[in-house]
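Remarks on the structure that follows.
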Amino acid sequence: MKEQSRIKLMVTILDRGRGARAVELFAGAGIRQHYATPGRGTANSDILDYLGLGETEKDVLLTLLPEHAVPPLLAAAGKELELATPGKGILFTMPLSAVSGAVVQIVNREVQRTGAEKEEPMQQKEKDDLIVVVVNSGCDDAVMSAAKSAGARGGTILHGRRLGAEGEKPGGSGVRPEKDIVAILAPRELRQPIMEAVNREAGIATESHGVLFSLPVDEVIGLSRMER
């Protein structure tokens, strides 16, 4: 029996409407386990702010794929999705601590049917982290202002709602506080200063009631070191 490859989570962030092209590209490699959500990008340029282009609607794709499929897929995505061009999007992968056995088999089987060859993992040249901040709705500006003061160049905002407080249940009639989820990709050496700055301005003790955590990132394409 062929050895099963470890599963990784791939995050793709593109301008709204380009997500369908990414899904088509990934499907060509036998990768079909996607979860999509709309998002909003924040500017990393004062010129874009001045022109009113500081925030753009985004397609955010969360994709499960086997580790051996990452290098060829990143190479194809960089070319087909033009991720080498600034502003075209970003793609990065993250390790998973555990995945159900059935999912591992399904994801590996789908990729193997395409005849994908096993390749050596990409050499890690840089170390990055994904900083996630969950704040009250409308407080994302405070988060990004603090993050940029510590060196962050931009982020992606998702909208959600809190569950579990005061007896709230999914599908129930109780009021569920709206939340903004701010995701910031940053070099590992900037993780601590960014999180400290955000915690001061938008942490749990502020009106934003922010909850912060970070996740390790493996490969990244579509964003130069100076743009993170």
What do the steps show when you test L158 against V60 for side chain to side chain contact (heavy atoms under 4.5 Å, CB included), and what is the final call? CA-CA 9 Å; L158 307 176; V60 181; 3.9 Å; yes

Check whether any side-chain heavy atom of [X] lies under 4.5 Å from a side-chain heavy atom of [Y], and answer yes or no.
X	Y	value
I7	N108	yes
R21	E80	yes
F26	L65	no
M94	D218	no
P71	E219	no
L64	L96	yes
K58	L14	no
V132	I181	yes

So, are D59 and R18 salt-bridged, with charged N and O less than 4.0 Å apart? no

Quick one: do R40 and D140 make a salt bridge, cutoff under 4.0 Å? yes

Can T63 and Q33 be said to form a side chain to side chain contact (heavy atoms under 4.5 Å, CB included), step by step? CA-CA 6 Å; T63 303; Q33 299 294 323; 5.6 Å; no

Quick one: do L74 and T93 satisfy side chain to side chain contact (heavy atoms under 4.5 Å, CB included)? Show the steps, please. CA-CA 10 Å; L74 262 61; T93 65; 4.3 Å; yes

Euclidean distance, [Y] [atom2] relative to [X] [atom1], rounded to 0.5 Å:
X	Y	atom1	atom2	answer
R188	K127	CZ	NZ	6.0 Å
I90	I221	CD1	CD1	9.0 Å
M144	C139	CE	SG	14.0 Å
I13	L83	CD1	CG	11.0 Å
R153	K148	CZ	NZ	9.0 Å
E201	D141	CD	CG	13.0 Å

Which atom names give the shortest non-hydrogen contact between [X] and [Y], and what distance separates them?
X	Y	result
V70	K8	CG2-CD, 4.3 Å
A69	I31	CB-CD1, 4.3 Å
A77	L25	CA-CD2, 3.6 Å
E207	N136	O-ND2, 3.0 Å
G210	V135	CA-CG1, 3.6 Å
I184	A147	CD1-CB, 3.7 Å

Indicate, with yes or no, if I106 and V99 share a hydrophobic cluster defined by side-chain heavy-atom contacts under 4.5 Å among Ile, Leu, Val, Met, Phe, Trp and Tyr. no

Please answer whether the main-chain N or O of G138 pairs with a side-chain N or O of D180 as donor and acceptor at a distance below 3.5 Å. yes

T206 side chain to S208 main-chain N or O, any donor-acceptor pair under 3.5 Å? yes

Is the number of heavy atoms from other residues, nucleotides or ligands within 6.0 Å of CZ (R6) greater than 12? no

Go through the steps for L215 and D129 under the test side chain to side chain contact (heavy atoms under 4.5 Å, CB included), then give the verdict. CA-CA 6 Å; L215 301 165; D129 284 281; over 6 Å; no

Are E67 and S5 close enough that a side-chain donor and a side-chain acceptor fall under 3.5 Å? no

